[in-house]
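Proteins get letters first, then strands, A, B, ... in listed order; numbering begins at 1 in each.
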Amino acid sequence: MSNRNRADPTQQDQNKLIAQRREKLAQWRASGGAFPNDFRRDSLAAELHGRFGERTAQELEETAVPVKVAGRMVGKRVMGKASFAHIQDMSGRIQLFLSRDDLPPERYQQFKGWDVGDIIGAEGHVYKTQTGELSVKISDIRLLTKSLRPLPEKYHGLADLEARYRQRYVDLIVNESARHTFILRSRIIECLRAAFNARGFLEVETPMMQPIPGGAAARPFITHHNALDANLYLRIAPELYLKRLVVGGFEKVYEINRNFRNEGVSTRHNPEFTMLEFYQAYADYHDLMNMTEELLRHLAMEVLGTDQLCYQGEPIDLGTPFARRSVREAILEHNPRLSAAELDDREALCGVARELDIDVRPHWGLGKLQLEIFEKTTEHRLREPTFITEYPRDVSPLARPKDANPLVTERFELIIAGREIANGFSELNDADEQAQRFREQVAEKEAGDEEAMFYDADFIRALEYGLPPTAGEGIGIDRLVMLFTDAPSIRDVLLFPAMRAQAEPE
RNA sequence: GGGCCGUUAGCUCAGCUGGUAGAGCAUCGGACUUUUAAUCCGCUGGUCGUAGGUUCGAACCCUACACGGCCCA
């Protein structure tokens with residue numbers, strides 16, 4: 001990134017290219033009618049390709065269908081008294097052919113002064129060039145918006161990652177793959193919404209600003225409400241509100257929205273990220289695993305047309321049933337030197353954890369140690385879709401314990417390509433036990449765990465009215481989109497990823 | 001927070017052992033009525049991220065800082 005050309009608009013344009021374009025704009029203003037907004041197009045590029053792409057040149061010449069198109073000029077080839085240009089609209093690109101003698105007087109001369117990047121509107125008729133490219137033979141053309149800044153080079157596009165993230169608008173103009181990623185993201189969310197609606201779920205919106213942040217183990221952002229003179233937290237999860245709604249009788253609810261976690265930024269973490277969270281009464285975690293598997297397979301077929309994904313060179317098969325194994329089984333499988341007996345021996349696990357360079361805290365219990373060891377040694381090795389089940393009770397304070405073994409819960413996480421994609425469980429609906437779990441969390445918070453949960457008395461009150469047996473799950477949309485678009489970084493699937501503020505924006 | 005790497009023209013990138021900076025594309029001027037990374041001819045364009053230091057001399061060596069990338073916590 002250049003630090004030159006600072007923000008003061010009266011002082012800018014040290015850059016010759018910008019100065020030249022500003023001069024062209026000044027002439028346009030002087031001639032009157034700059035920045036008009038009375039041009040109406042009647043066709044998009046992709047529509048033209050769809051309607052006329054298969055027609056022969058002769059058929060098109062006979063019908064001479066008149067069209068009006070508009071978009072950003074992304075290519076310009078002037079050859080004496082005739083020119084080609086490509087314009088790009090939200091659907092794609094279409095070529096324009098201009099011949100001086102087909103245009104009003106002076107128009108061709110004006111066109112020659114316009115720049116790649118300018119927004120133009122044109123009318124003419126659909127035809128095919130000698131090479132068979134569907135194009136519009138122009139009878140008149142107008143400049144609609146003057147672009148003052150030159151676009152990146154046409155061949156390499158914009159490659160600098162910092163520039164692509166900070167100036168996403170430029171990235172979207174010049175990089176087809178970026179447009180594709182965000183269009184696919186939109187389709188994925190659209191498809192998920194349709195799937196939940198079809199299953200009878202009700203879409204809801206719950207507070208983003210919460211007096212007590214709950215539903216996950218994470219550090220929250222704090223903000224302040226002036227009129228109430230009260231601190232509020234940006235939500236780390238919608239979970240406790242969604243369960244209140246199930247108490248209220250909305251037995252199947254879902255929400256697709258942002259969560260905020262005050263943690264580091266990395267290729268997998270952004271401080272704000274999108275989560276699909278849903279709850280279904282009279283279901284348990286097995287039901288949700290089955291549904292998740294179905295859902296992902298359906299999603300892949302809908303948006304990609306295949307259930308065979310390729311992520312960063314690695315094949316991912318969503319077509320065959322996902323593996324399911326418990327945290328215990330997974331740890332033992334990937335740590336052959338560990339015995340089942342050692343997994344239940346806190347002292348032994350502490351030693352193992354330290355050998356793994358895990359920063360063991362004195363207040364950690366057996367479950368926390370198991371989970372840390374799982375995350376360090378096992379999670380990243382799970383490449384094919386795998387449900388990891390039976391998470392320890394003490395790291396799952398909102399989940400229902402297993403009847404057969406109350407030390408673990410009816411919880412799962414879905415791991416694909418070494419990353420957590422979803423997390424779900426049978427909900428803890430025993431108000432007294434939930435209150436006890438909150439008290440344990442508060443004790444851990446007091447012991448220094450900043451991610452431990454708060455005691456939410458209103459949530460307990462809601463449970464006391466009676467939460468039906470319910471299962472709930474969160475699916476990380478950004479990570480799902482990464483998987484589906486083969487994106488190496490979460491920033492590639494966020495239109496405006498979190499970046500450190502620039503000292504002086506250009 | 002730690003380690004490694006990067007920052008040079010509008011964009012994509014070269015730049016050797018330290019000797020005051022180059023290409024392609026774009027721009028600008030010219031030629032050209034079916035091109036599509038158009039072609040051909042000619043000309044421009046730089047406070048080498050910032051600030052110090054070493055040196056006769058720094059894009060290059062050293063230090064700090066800023067921003068970014070990757071990995072680890």
Side-chain angles (χ1 to χ4, degrees), chain A residues 1-6 12-24 45 57 60-61 73-88 92-103 108-109 111-118 124 127-138 147-167 170-171 173-176 263-269 312 353-354 356-361 372 375-377 380 418 451 487-492 497-506:
Chain A
M1 284 306 296
S2 168
N3 289 323
R4 293 180 290 280
N5 302 332
R6 293 283 155 70
Q12 72 186 14
D13 298 357
Q14 305 305 310
N15 182 306
K16 194 170 115 188
L17 299 173
I18 295 177
Q20 282 164 350
R21 289 181 176 215
R22 282 204 169 273
E23 176 54 33
K24 290 177 181 176
L60 291 170
E61 207 54 53
M73 183 159 63
V74 290
K76 184 186 173 204
R77 295 175 292 282
V78 176
M79 292 162 300
K81 298 174 187 65
S83 293
F84 290 93
H86 273 96
I87 60 166
Q88 176 171 288
R93 291 184 175 189
I94 186 82
Q95 180 169 259
L96 311 182
F97 176 72
L98 297 85
S99 177
R100 187 193 64 182
D101 300 333
D102 294 343
L103 296 171
Y108 190 70
Q109 197 58 33
F111 165 78
K112 284 206 282 186
W114 301 342
D115 295 296
V116 167
D118 287 350
Y127 89 117
K128 267 189 179 168
T129 63
Q130 289 175 355
T131 58
E133 177 169 347
L134 189 76
S135 306
V136 181
K137 189 174 267 180
I138 298 306
S147 170
L148 297 175
R149 291 177 179 268
L151 290 174
E153 193 214 358
K154 60 194 166 195
Y155 187 55
H156 296 94
L158 185 62
D160 182 79
L161 279 178
E162 182 175 2
R164 292 185 50 206
Y165 297 149
R166 286 194 197 276
Q167 295 176 251
V170 179
D171 187 33
I173 292 170
V174 300
N175 290 333
E176 164 83 38
E263 290 159 4
V265 176
S266 75
T267 48
R268 294 170 202 194
H269 297 89
Q312 300 295 293
R354 288 202 190 90
L356 291 166
D357 271 337
I358 294 169
D359 182 18
V360 179
R361 303 291 170 79
E372 290 285 333
E375 285 177 355
K376 184 89 176 190
T377 64
H380 65 276
E451 295 188 348
S489 170
I490 194 171
R491 292 177 203 111
D492 297 322
M499 301 286 280
R500 205 178 288 270
Q502 273 179 307
E504 292 174 86
E506 287 185 25

*Kindly write out the residues that satisfy side chain to side chain contact (heavy atoms under 4.5 Å, CB included) with A:L356, not counting sequence neighbours, or none if the list is empty.*
A:V352, A:I358, A:I373, A:K376, A:T377
*Dump the intermediate steps for side chain to side chain contact (heavy atoms under 4.5 Å, CB included) on A:R22 and A:L148, then the final yes or no.*
CA-CA 6 Å; A:R22 282 204 169 273; A:L148 297 175; 3.6 Å; yes
*Rounded distance in Å - CD1 (A:I490) to C1' (B:G69)*: 16 Å
*Considering only side-chain heavy atoms of A:E133, which listed nucleotide, B:U35, B:U27, B:G69, is closest?*
B:U35
*Test side chain to side chain contact (heavy atoms under 4.5 Å, CB included) applied to A:A82 - qualifying residues, sequence neighbours left out*: A:F97
_Taking the minimum atom-to-atom distance to the side chain of A:K137, which one of B:U34, B:G10, B:G68 wins?_
B:U34
*Using the C1' atom in both, what is the distance from B:U8 to B:G3, to the nearest Å?*
26 Å
*Among all residues two or more places apart in sequence or in another chain, which pass the side chain to side chain contact (heavy atoms under 4.5 Å, CB included) test with A:E176?*
A:R179
_Can you check the distance between B:U7 and B:C65, where both ends of the measurement are the C1' atom (answer in whole Å)?_
14 Å
_Nucleotide of B:U27, B:C67, B:C28 approaching A:K24 most closely (side-chain heavy atoms)_ = B:C28
*asked:* If you assign each of A:G113 and A:R100 to its closest nucleotide in RNA chain B, which residue comes earlier from the 5' end?
replied: A:G113
*Is any side-chain N or O of A:R500 closer than 4.0 Å to OP1 or OP2 of B:C67?*
yes
*Whole-Å distance separating the CG atom of A:D492 from the P atom of B:G69*: 10 Å
*Rounded off to whole Å, could you give me the CZ-to-P distance for the A:F84 and B:U33 pair?*
12 Å
_Test of understanding: with side-chain hydrogen bond (donor to acceptor under 3.5 Å, both in side chains), list the residues that count as partners of A:R93, not counting sequence neighbours._
A:Q88
_Proximity to the side chain of A:D101 - top-ranked nucleotide from B:G69, B:G10, B:U33_ = B:U33
_Going by side chain to side chain contact (heavy atoms under 4.5 Å, CB included), name the residues that satisfy it together with A:K128, two or more places apart in sequence or in a different chain._
A:A57, A:L60, A:L134
*N/O (side chain, A:R491) to phosphate O (OP1/OP2, B:G68) under 4.0 Å*: no
*Would you say B:U27 has OP1 or OP2 under 4.0 Å from some side-chain N or O of A:R21?*
no
Using the 3.5 Å cut-off, write out each protein N or O paired with an N or O of nucleotides 38-41 of chain B and the distance between them.
unit_1, atom_1, unit_2, atom_2, d
B:A38, OP1, A:K154, NZ, 2.2
B:A38, N6, A:V78, O, 3.1

*Does B:U20 fall in syn (glycosidic angle within 90° of 0) or anti?*
syn
*Residues in side-chain hydrogen bond (donor to acceptor under 3.5 Å, both in side chains) with A:D115, at least two apart?*
A:K24, A:K146
*Let me know the distance between CG of A:L151 and P of B:A9, rounded to the nearest Å.*
18 Å
Listing time: all N or O pairs from protein to nucleotides 12-14 of chain B that are below 3.5 Å?
unit_1, atom_1, unit_2, atom_2, d
B:U12, OP1, A:A159, N, 3.1
B:U12, OP1, A:D160, N, 3.0

*Please name all residues satisfying side-chain hydrogen bond (donor to acceptor under 3.5 Å, both in side chains) with A:R491, sequence neighbours left out, ordered by chain then number.*
none
*Apply side-chain hydrogen bond (donor to acceptor under 3.5 Å, both in side chains) to A:T129 and list each qualifying residue two or more places apart in sequence or on a separate chain.*
A:T131
Return the polar atom pairs (N/O with N/O) between nucleotides 71-73 of chain B and the protein under 3.5 Å, or none.
unit_1, atom_1, unit_2, atom_2, d
B:A73, OP1, A:K376, NZ, 2.4

_If I pick the C1' atom on B:G2 and the same atom on B:G46, what distance separates them, to the nearest angstrom?_
36 Å
*Calculate the interatomic distance between A:L96 atom CG and B:U34 atom C1'; express it in whole Å.*
14 Å
*asked:* Just the rounded figure in Å: distance from P of B:U33 to CD of A:Q130.
replied: 14 Å
*Pick the P atom in B:C11 and in B:U54, then give their distance to the nearest Å.*
34 Å
_If a pair means Watson-Crick or G-U wobble with both distances below 3.5 Å, what does RNA chain B look like in dot-bracket form, with | marking bases paired to a different strand?_
(((((((..((((.....[..))))..((((.......))))......(((((..]....)))))))))))).
*Just checking A:Y127: base, sugar-phosphate only, or nothing, at a heavy-atom cut-off of under 4.0 Å?*
base
*Separation of A:Q109 atom CD from B:G30 atom P, in whole Å?*
9 Å
*Rounded to the Å, how far apart are A:K16 NZ and B:C11 P?*
16 Å
